> 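Below you will find the structure I want to go over with you.
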Amino acid sequence: MPKIKTHSGAKKRFALTKNGKVKRAHAGKRHLLNGHGKTTKLKRGLRKGGYADKTNEAAIKRMILYK
């Protein structure tokens, strides 16, 4: 049986924690960061990582099988 290929987009975006949770980064930090865009408070919150929702966790784990 051949090995399953890791999804190359997913392996760049997600990481598994020791307890099996899926870590991710927040979206919305590419543009509109000053002036009429986002507040400092919002941008500071976007810096921190988050965890993937439990409804998506199984699909992500299938994509990053060997990570």
Side-chain angles (χ1 to χ4, degrees):
M1 194 79 186
K3 287 186 178 181
I4 300 167
K5 286 194 175 182
T6 302
H7 190 288
S8 61
K11 75 181 175 189
K12 295 168 190 172
R13 289 174 171 84
F14 301 107
L16 288 176
T17 63
K18 206 171 189 179
N19 293 329
K21 290 183 180 179
V22 179
K23 268 193 341 187
R24 62 162 179 85
H26 281 105
K29 280 211 53 177
R30 295 292 177 203
H31 63 117
L32 297 176
L33 295 172
N34 55 10
H36 305 295
K38 298 165 183 73
T39 63
T40 309
K41 186 176 180 180
L42 177 64
K43 289 184 285 187
R44 192 165 56 241
L46 291 175
R47 272 186 226 142
K48 299 172 184 161
Y51 295 104
D53 193 62
K54 63 180 180 182
T55 56
N56 300 323
E57 219 168 68
I60 294 168
K61 283 182 180 178
R62 273 197 305 272
M63 288 193 278
I64 55 170
L65 205 57
Y66 304 109
K67 197 166 182 190

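Note that this is a predicted model, so its numbers are computed, not measured.
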> Say whether, by atom type as modelled, one donor and one acceptor occur between the side chain of Lys67 and the main chain of Phe14 under 3.5 angstrom.
yes

> Could you tell me whether the side chain of Tyr66 and the main chain of Lys5 form a donor-acceptor pair under 3.5 Å?
no

> If we ignore hydrogens and angles and just use 3.5 Å, is the side chain of Lys61 paired with the main-chain N or O of Asn56 as donor and acceptor?
no

> When rounded to the nearest 0.5 angstrom, what distance separates CD1 in Ile4 from CG in Leu65?
5.0 Å

> Quick one: CG on Leu33 to CG on Leu42, what's the gap to the nearest 0.5 Å?
9.5 Å

> Got more than 12 heavy atoms from elsewhere within 6.0 Å of CZ, Arg24?
yes

> Going hydrophobic residue to hydrophobic residue with side-chain gaps under 4.5 angstrom, can you get from Ile60 over to Leu16?
yes

> Considering non-hydrogen atoms only, spot the tightest contact between His31 and Lys38 and give its length.
O-NZ, 3.1 Å

> For atom NZ of Lys23, is the number of surrounding heavy atoms from other residues, nucleotides or ligands below 6.0 Å larger than 12?
no

> Has the side chain of Lys29 got a donor or acceptor atom that lies under 3.5 Å from a matching backbone atom of Lys43?
no

> Could you walk me through whether Ile64 and His7 pass the side-chain contact (heavy atoms from CB on, under 4.5 Å) test, one step at a time?
CA-CA 6 Å; Ile64 55 170; His7 190 288; 5.8 Å; no

> Between the main-chain N or O of Gly50 and the side-chain N or O of His26, is there a donor-acceptor pair closer than 3.5 Å?
no

> Return yes if some donor-acceptor pair links the side-chain N/O of Lys11 with the main-chain N/O of Met63 below 3.5 Å, else return no.
no

> Are Asp53 and Thr55 close enough that a side-chain donor and a side-chain acceptor fall under 3.5 Å?
yes

